[in-house]
Amino acid sequence: AAPTGTKEMKIQCISAIFTYQIQGAVGAKVRFFGSNRIDPDVSNPDHWVDICEIEKTVDGQRDLGSVEGHSYDAVMYEVLVGPADVMVCSGVAG
């Protein structure tokens, strides 16, 4: 589980339909961002577009963000309140 303040980026994402999910204690909160910059910096907010924020509200199951279709080259998450386990699931956009 990632603690509060964790920022992590994944590159070489594809055009797809994404769902954003978190697990953790009730109150855990994670914000997701996307970027199409060549070399995005997790510390520079100007490099990122807000996708969604998820707060853990139900104990014992995953909380889901909205289903988003996008074509970002990089996706980043920031754990606002942790610890939280973060999952991003994708399917090909059609």
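Index from 1, following the sequence.
Crowding of Asp59 atom CG: a count of heavy atoms from other residues, nucleotides or ligands under 6.0 Å not exceeding 12.
Rounded to the nearest 0.5 angstrom, His47 NE2 and Ile38 CD1 are separated by 11.0 Å. Distance NZ/Lys29 to CD/Glu78: 11.5 Å, rounded to 0.5 Å.
Note on ring orientation: taking the six-membered ring where Trp is involved, the planes of Trp48 and Phe33 are perpendicular (angle over 60°, cut-offs 30° and 60°).
Hydrophobic clustering of Ile, Leu, Val, Met, Phe, Trp and Tyr side chains at less than 4.5 Å, counting indirect connections, unites Val49 with Val30.
Looking only at side-chain heavy atoms (C-beta outward), Ile54 and Gln21 stay at 4.5 Å or farther from each other. Using a 4.5 Å heavy-atom cutoff, the side chains of Val88 and Tyr77 are not in contact.
Residues Val79 and Ala84 approach most closely at CG1-CB, 4.4 Å, considering heavy atoms. Closest non-hydrogen pair, Ile22 versus Glu55, comes out as CD1-C, 4.2 Å. In terms of heavy atoms, Asp85 sits closest to Ala1 at OD1-CA, 3.0 Å. Across every non-hydrogen atom of Asn36 and Asp73, the tightest pair is OD1-N, 2.8 Å. For the pair Lys56 and Gln23, the tightest heavy-atom approach, listed with the atom from each and the gap, is CE-CA, 4.2 Å.
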